[in-house]
Amino acid sequence: MKFATKAIHVGQDADPATGATIVPIYQTSTYTQTQVGEHKGFDYSRTINPTRLALERQLASLEGSEYGSAFASGMAATSAVLGLLSSGDHAVVSDDLYGGTYRLFSRVLTKYGLTFTYVDMSDIQAVRSAILPETKLFWVETPTNPMLKIVDIAAITALRGAGSLVAVDNTFATPYFQQPLSLGADIVVHSTTKYVGGHSDVLGGVAIVRDRDLHEAIKFTQNAVGAVAGPYDAWLTMRGAKTLAVRMRQHAANAQAVAEYLLARADVARVYYPGLPSHPQHELAKRQMSGFGGMVSFELKGDPRRALDFASRLRYFSLAESLGGVESLICHPARMTHGSIPKAERDRRGITDGLLRLSVGIEDVDDLIADLRTALDATP
Ligand SMILES: Cc1ncc(COP(=O)(O)O)c(C=O)c1O
């Protein structure tokens, strides 16, 4: 089965009880047993729920696996993966990553004796130098957020020692454009809140692995901690995921056109988009990804306040956190998604006060470019 077929058919069998063609929302916390311990494979919905199971199968298949665990949010999925580590373990982490992931690692998990080293993972020598005897995990985000740097997943997996794992947050690329497990990664995490759900109407996360024992370990944490996707949220995410292929093609086509438009403007200082030949890792992106995604970051010339003024004048790009929905969004990372990172650290990573990040939606691209043009011309 090819990608778009899997998205519509895997996990989506007609309901065994009624024949309903679409997987029902099994809005139940528990299941009636005929005798003690005698049931149809479902005993309690924190442990297993048919709607969530259908979503887990569907999303695992999109990453080329059978083993998925769906959570209430991307952060819940991330924290379940980190639950594989023990006090004293160390992780090497991408230094340009989602601010909430940084917050979880630096302010919550360090309290439990985990240690983290943040490095520019686009520099493989820097990753190698960060490895310690107690390194158990490499946490990769690629393309990175918000600088859209590309990390060579295969090169990172080649550095992995016995007993250590490589996890990739594949939220930005989506499985449609990037398949980390096929590049040697052990774990893929998504905030399904973003492209997988695709309509900005539901939170969710998923952790997908190649290995059955690893899957069992994550399932154990999923059940023990309980941050599971509810049946209605699982159903909405599953419905969104069915159209992932067509949406991603349009997101990427629109983002490419927007990036090229911005690059051609004299009042734009920098444009970050892996699909531009001027992107420093364009060749790696072409090798590792089958498309460049829908996220574009850029820096305006002039006073940093211009960025805020510009962002508030747009008609179709809503000023909002998050990304990956059909509608276009704009965000000011320094004040919004990455506000929890200290300013000095933000500046070091290029997240300046003039930086803006676009989640380019699937509206007509002519309207999007006209909107950007009008707001840029109004804020010289
Ligand atoms: C790359 C990335 N990973 C993880 C998350 C966290 O996901 P959630 O908001 O669903 O918890 C986000 C959220 O913005 C994200 O952008």
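FYI, the numbering just counts along the sequence from 1. Counting convention: from 1, in listed order, for ligands and their atoms alike. As the structure is a computational prediction, the values presented were derived from the model and not from experiment.
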Short N/O distance, under 3.5 Å, between S191 and ligand 1? yes
Within 6.0 Å of CZ in R346, more than 12 heavy atoms from elsewhere: yes
State whether a side-chain donor-acceptor pair under 3.5 Å links S45 with Y31. yes
Atom 10 (O) of ligand 1: closest protein heavy atom, distance to 0.1 Å, is T193 OG1, 2.6 Å
Can you list the ligand 1 atoms lying under 4.0 Å from a non-hydrogen atom of G204? 10 (O)
Please check if any side-chain donor atom of R247 sits under 3.5 Å from a side-chain acceptor atom of T243, or the reverse. yes
Would one find an N or O of D169, backbone or side chain, under 3.5 Å from an N or O of ligand 1? yes
Near-ring test W139/F105, centroid separation under 6.0 angstrom: yes
What about M75: any of its N or O atoms under 3.5 Å from an N or O on ligand 1? yes
Going by side chain to side chain contact (heavy atoms under 4.5 Å, CB included), L262 matches just one of L276, D267, L356, V271. Which one? V271
Protein residue, atom and distance nearest to atom 8 (P) of ligand 1, heavy-atom basis: G74 N, 3.4 Å
Taking heavy atoms and a distance under 4.0 Å, where does K194 meet ligand 1: side chain, backbone, both or neither? side chain
re atom 15 (C) of ligand 1, the protein heavy-atom contact at minimum distance is Y98 CG, 3.6 Å
R349 NZ/CZ over Y102 ring centroid, <6.0 Å and within 45° of normal: yes
Would you please classify the geometry between the H251 ring and the Y195 ring as parallel, tilted or perpendicular, with 30° and 60° separating the classes? perpendicular
Atom indices of ligand 1, in the order listed, that fall short of 4.0 Å to a heavy atom of N145: 16 (O)
